[in-house]
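In what follows, chains are A, B, ... by sequence order, proteins preceding strands, each numbered from 1. Please read these numbers as outputs of a predicted model, since none were measured by experiment. Basis for what follows: all heavy atoms, side chains included, without hydrogens, waters or symmetry-related copies.
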Number of protein chains: 2
Amino acid sequence: MSLPHAILTALLEKPSSGLELTRRFDKSFGFFWSATHQQIYRELGKLEQSGAIRALPSETPARGQKKEYEVLPAGQAELAAWASAGQDPRAMRDPLLLRVRAAAVVGTAGLPAELRRHLALHERQLELYEGIERRDFPPERDSEQDRLRHLVLRGGIELETFWIRWLTQALETVDGESGTGAE
Amino acid sequence: MSLPHAILTALLEKPSSGLELTRRFDKSFGFFWSATHQQIYRELGKLEQSGAIRALPSETPARGQKKEYEVLPAGQAELAAWASAGQDPRAMRDPLLLRVRAAAVVGTAGLPAELRRHLALHERQLELYEGIERRDFPPERDSEQDRLRHLVLRGGIELETFWIRWLTQALETVDGESGTGAE
DNA sequence: AAGCGCATGTAATTTGTTACATGATTAT
DNA sequence: ATAATCATGTAACAAATTACATGCGCTT
């Protein structure tokens, strides 16, 4: 599974506490891997116990106190192994496509509004990504790290673009049928 | 929670037994919603118990015997309600994008080969979809059902196209620096 | 009758989600 | 001091994955 590896990647980029990780998984990191704070705390516990990470001993480690983690060599090795291993793409599972297919048998009531709402959400997300691209990835990208991170962001941008295009088609298809099917 | 609704949709399109459903979720239906036979049998049990579907009483219903299910009015109503309700897009979670991000911190060993493998898989999938499109959706699409189902297939086609384009970019980015090792 | 594949399930484990609990810090 | 908020967790549950179990029917 990928959650522990997502956490290892995030911690390698920057050692963090549980809440800081949660924030990062809600923002930039969440563009390709999302996680809730409950998942994160549980997984941090497992990773610490297995020796992949450790809490920085600086502050007083009590409940309600901040606790920063860093990756240990074992954790980095594990991540490197996972990142280079073969893994098949996961099976498709998209609720919106399913709902359109369901609408084909039970009717399209409410569907156009829902499609429009999703379209607006994806347009907003695309704007957000493009803002990040302008800010963080100016034309002269030099380091390998930058190139790879930019590539991941491009994935997000092009995925949002896909959805916007598809939703636009979908709205034409669904809306265009109340009158005559003018194509 | 979409699995029960996926099953209701599939059964409305055509009443089936558990194994037939499994087959359909491995083929065309699986293009937008995948499920294993264990999930399907468990869910069929729940749906039958809740009165959303029923087993056709035709054949002898014993273990190892085929058992066909059909959707009852309650199930169809439930599906219609679900299909028209509002649901936010689910949070992004893509292992391959994560692996590229991980490669940015632990190195790109093995990555190009993996990207090429995925590229080949997506190219094959795209060909498959395009074959289905040619076969099942000739230019003169008439019924609303056909238009909606074609729309769902277009979603699959354009998603595969997205992956192929992104993976091609990714290979240019990663291969363009190969051999240099550390940075 | 032995073996094989088909069809239907059970069980165990892991992952993800939702709701709640508790200590510490800061503002009023 | 009280309340609000931050930070870290626990508990309960739902969903998905993996592995295993059982009965039937057909072939050899």
Side-chain angles (χ1 to χ4, degrees), chain A residues 1-8 11 15-26 29-30 32-50 53-69 82 87-95 98, chain B residues 1-8 11 15-26 29-30 32-50 53-69 82 87-95 98:
Chain A
M1 259 319 271
S2 313
L3 174 58
H5 304 103
I7 291 177
L8 288 173
L11 287 180
S16 305
S17 69
L19 191 65
E20 283 164 355
L21 277 177
T22 302
R23 297 260 157 77
R24 294 171 63 195
F25 275 79
D26 268 346
F29 221 84
F32 50 92
W33 199 272
S34 70
T36 64
H37 81 273
Q38 292 90 338
Q39 283 177 281
I40 289 168
Y41 282 115
R42 195 178 8 172
E43 203 63 40
L44 282 173
K46 283 191 206 168
L47 285 169
E48 185 175 22
Q49 201 162 14
S50 77
I53 64 175
R54 65 159 187 174
L56 292 179
S58 53
E59 312 288 330
T60 40
R63 187 178 183 113
Q65 292 294 96
K66 215 184 257 185
K67 213 163 118 189
E68 290 237 315
Y69 289 94
W82 176 81
Q87 261 186 259
D88 283 339
R90 50 173 51 180
M92 181 73 172
R93 213 168 264 172
D94 187 278
L98 173 59
Chain B
M1 217 248 295
S2 315
L3 175 58
H5 305 103
I7 291 177
L8 288 173
L11 287 180
S16 306
S17 68
L19 191 65
E20 283 164 356
L21 277 177
T22 301
R23 297 263 158 75
R24 293 172 62 195
F25 275 79
D26 268 347
F29 220 85
F32 49 94
W33 200 271
S34 69
T36 64
H37 81 273
Q38 293 89 339
Q39 286 176 279
I40 288 167
Y41 282 115
R42 184 167 25 147
E43 204 62 42
L44 282 174
K46 284 192 206 168
L47 286 169
E48 186 174 22
Q49 200 162 13
S50 76
I53 64 175
R54 66 159 188 172
L56 291 179
S58 53
E59 309 290 331
T60 39
R63 189 176 183 115
Q65 289 297 96
K66 216 185 256 185
K67 212 164 119 189
E68 289 238 315
Y69 290 95
W82 176 81
Q87 262 185 259
D88 283 340
R90 48 174 50 180
M92 181 75 172
R93 214 168 265 169
D94 187 278
L98 174 59

Give me the residues of residues 15-26 of chain A where at least one heavy atom lies under 4.0 Å from an atom of DNA chain D, by number, or none.
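Heavy-atom cutoff 4.0 Å gives A/Ser17, A/Gly18, A/Leu19, A/Arg23.
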
Short N/O separations, protein against nucleotides 13-15 of chain D, under 3.5 angstrom:
none

Does [X] have any side-chain hydrogen bond (donor to acceptor under 3.5 Å, both in side chains) partners at least two apart in sequence or in another chain, and if so, which?
X       : answer
B/Ser16 : B/Arg24
B/Arg93 : A/Ser34
A/Arg54 : A/Glu70

Quick one: pull up CG in B/Leu19 and NZ in B/Lys67 and give me the separation to the nearest 0.5 Å.
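Between B/Leu19 CG and B/Lys67 NZ, I get 14.0 Å after rounding to 0.5 Å.
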
Sequence neighbours left out, what passes side-chain contact (heavy atoms from CB on, under 4.5 Å) with A/Pro4? Give chain and number order.
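Here the qualifying residues are A/Glu43, A/Leu47.
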
Considering residues at least two apart in sequence or located in another chain, which fulfil the side-chain contact (heavy atoms from CB on, under 4.5 Å) criterion with A/Gln38?
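side-chain contact (heavy atoms from CB on, under 4.5 Å) check on A/Gln38 returns A/Thr36.
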
Can you name the atoms? Protein N/O to nucleotides 18-20 of chain D N/O, anything below 3.5 Å, with the distance.
unit_1, atom_1, unit_2, atom_2, d
D/dA19, N6, B/Gln38, NE2, 2.6

Pick base, sugar-phosphate or nothing for A/Arg93, based on heavy-atom distances below 4.0 Å to the nucleic acid.
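The residue A/Arg93 makes sugar-phosphate contact but no base contact.
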
Taking only residues two or more places apart in sequence, or in another chain, which ones meet B/Trp82 in a ring-ring contact (aromatic ring centres under 6.0 Å, His included)?
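B/Trp82 satisfies ring-ring contact (aromatic ring centres under 6.0 Å, His included) with B/His5 once adjacent residues are dropped.
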
Could you tell me which residues satisfy ring-ring contact (aromatic ring centres under 6.0 Å, His included) with A/Phe29, sequence neighbours excluded, listed by chain and number?
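A/Phe29: ring-ring contact (aromatic ring centres under 6.0 Å, His included) contacts with A/Phe25, A/Phe32.
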
